[in-house]
Enquirer: 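My structure is below; once you've seen it, I'll send some questions.
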Amino acid sequence: MKIATWNVNSIRARHDSVFAWISRAEPDVLCMQETKVVDDDFPTDELLRLGYTVAMSGQKSYNGVAIASRLPMTDVAIGLHDDAGAGESRLIRATVGGVRVYSAYVPNGKSPTNPSFKDKLRWLGRLKQTLQKEATPETPLCVCGDYNIAPEARDVFDPVAMAGQLHFHPDEHRALADLMAFGLTDVFRKHHQEAGLFSWWDYRAGAFRRDAGLRIDYVLATAPLAARCTAVEIDVAPREAEKPSDHAPVIATFD
DNA sequence: ATGGTTGTAACACAA
């Protein structure tokens, strides 16, 4: 089973790229973030025609997450456990082929000194609580998404310049480690050890051309699922295309 | 270079 995650940065602006990529990459499951449309504007029918079922949680203009799956999805749930249906659209999950799949869009945080930075840290703690309420470390489960955090020095283009900056701040690393202490591992690092493998490049200042990127999109899996992971790849091709998302898709393959 | 670019939206904000 191939499970992919991609921050598409507007499903409307990225419509053609996303459908071209799905047809080429043929993921069994695609978790999307930053769809930026209300549910009525999501291309549900078009995905159905390609053989995917769809679950989405959208909102106007910002955020928005979705899961498209070639296998039936059951037990779709939306939002953090304490959202009460009122939060931003940043989390959706469903069970697919016996695997609990999360599509998560972690708050950006704006800057370490901005109040929303602490919201980002708290959001990760609430995500852990949501996991604890519906799963155990023995549940075959993966949390796919845009974490807006580069975990380690090898995940950033310039660890010295990035030290203490947004996406690479000690507080973010602590919050991520605490989430992973639920019993999650970054399956990308089971298969790749080298530095300089990125999933996001800022639109500004020619970051992609300079390969000034970060690895902030990943798949965290519980042990029973991680043991079945045979490959993880970042597909840079869509980032090289015309009118790209600033993120590249990440594809994890499981036996 | 406390800049730069993109998407949504509306004359700014989020990323």
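Below, chains carry the letters A, B, ... as their sequence lines are ordered, and counting in each starts from 1.
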Enquirer: Between B/dT8 and B/dG4, how many Å separate the two P atoms, rounded to a whole number?
Expert: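 That atom pair is separated by 22 Å.
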Enquirer: Going by atom types only, do A/Trp21 and A/Asp235 share a side-chain donor-acceptor pair under 3.5 Å?
Expert: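 Per modelled atom types, A/Trp21 and A/Asp235 side chains form a pair under 3.5 Å.
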Enquirer: Please list residues of residues 117-128 of chain A whose heavy atoms come under 4.0 Å from any atom in DNA chain B, ordered by number; otherwise none.
Expert: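 Listed by number, there are none.
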Enquirer: Can you check the distance between B/dA9 and B/dA15, where both ends of the measurement are the C1' atom (answer in whole Å)?
Expert: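 Those two atoms are separated by 15 Å.
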Enquirer: Nearest whole angstrom, please: distance from the C1' of B/dT2 to the CE of A/Met162.
Expert: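 The distance from CE of A/Met162 to C1' of B/dT2 comes to 15 Å, rounded to the nearest Å.
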Enquirer: Say you pick atom P in B/dG7 and the same atom in B/dG3; how far apart are they, in whole Å?
Expert: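 Those two atoms are separated by 23 Å.
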Enquirer: Roughly how far, to the nearest 0.5 Å, is the CG atom of A/Asn63 from the CD atom of A/Glu34?
Expert: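 Between A/Glu34 CD and A/Asn63 CG, I get 7.0 Å after rounding to 0.5 Å.
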Enquirer: On a whole-Å scale, what distance lies between the P atoms belonging to B/dA1 and B/dA12?
Expert: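 Nearest-Å result for B/dA1 against B/dA12 at atom P: 28 Å.
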Enquirer: Which other residues belong to the hydrophobic cluster containing A/Phe117, where Ile, Leu, Val, Met, Phe, Trp and Tyr are joined when side-chain heavy atoms lie under 4.5 Å apart, directly or via other members?
Expert: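 In the cluster with A/Phe117 are A/Leu121, A/Leu166.
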Enquirer: With A/Asp39, which residues qualify under side chain to side chain donor-acceptor pair (under 3.5 Å), at least two apart?
Expert: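 For A/Asp39 there are no side chain to side chain donor-acceptor pair (under 3.5 Å) partners, ignoring immediate neighbours.
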Enquirer: What about A/Phe198 and A/Phe157, are their ring centers closer than 6.0 Å?
Expert: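 So the answer is no for these two rings.
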Enquirer: Rounded to whole Å, how long is the line connecting atom CZ of A/Arg210 with atom P of B/dG4?
Expert: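 To the nearest whole Å, that distance equals 13 Å.
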Enquirer: Could you tabulate the donor-acceptor pairs under 3.5 Å formed by side-chain atoms of residues 41-49 of chain A, not counting sequence neighbours?
Expert:
residue	atom	partner	partner atom	Å
A/Glu46	OE1	A/His15	NE2	2.6
A/Glu46	OE2	A/His15	NE2	3.1

Enquirer: So A/Arg14, base contact, sugar-phosphate only, or nothing? Heavy-atom distance under 4.0 Å.
Expert: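 Contact class for A/Arg14: sugar-phosphate only.
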Enquirer: Using nucleotides 12-15 of chain B, report all nitrogen or oxygen pairs with the protein that are shorter than 3.5 Å.
Expert:
residue	atom	partner	partner atom	Å
B/dA14	O5'	A/Lys110	NZ	3.3
B/dA15	OP1	A/Arg90	NH2	3.4
B/dA15	OP2	A/Lys110	NZ	3.4
B/dA15	N6	A/Arg204	NH1	3.3

Enquirer: To the nearest Å, give me how far apart CZ (A/Arg12) and C1' (B/dG7) are.
Expert: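 One finds 10 Å between C1' of B/dG7 and CZ of A/Arg12, rounded.
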Enquirer: Do A/Tyr203 and A/Asn9 have side-chain N/O donor and acceptor atoms under 3.5 Å apart?
Expert: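 Indeed, the side chains of A/Tyr203 and A/Asn9 share at least one donor-acceptor pair under 3.5 Å.
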Enquirer: Kindly indicate whether the side chain of A/Tyr102, heavy atoms from C-beta on, has any atom under 4.5 Å from the side chain of A/Leu141.
Expert: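 SC-SC contact between A/Tyr102 and A/Leu141 confirmed.
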Enquirer: For A/Ser23, check side chain to side chain donor-acceptor pair (under 3.5 Å) against everything at least two apart and list the hits.
Expert: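 Not a single residue meets the side chain to side chain donor-acceptor pair (under 3.5 Å) criterion with A/Ser23.
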Enquirer: B/dT6 P sits how many Å from A/His15 NE2, rounded?
Expert: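 Checked: the NE2 to P distance equals 22 Å.
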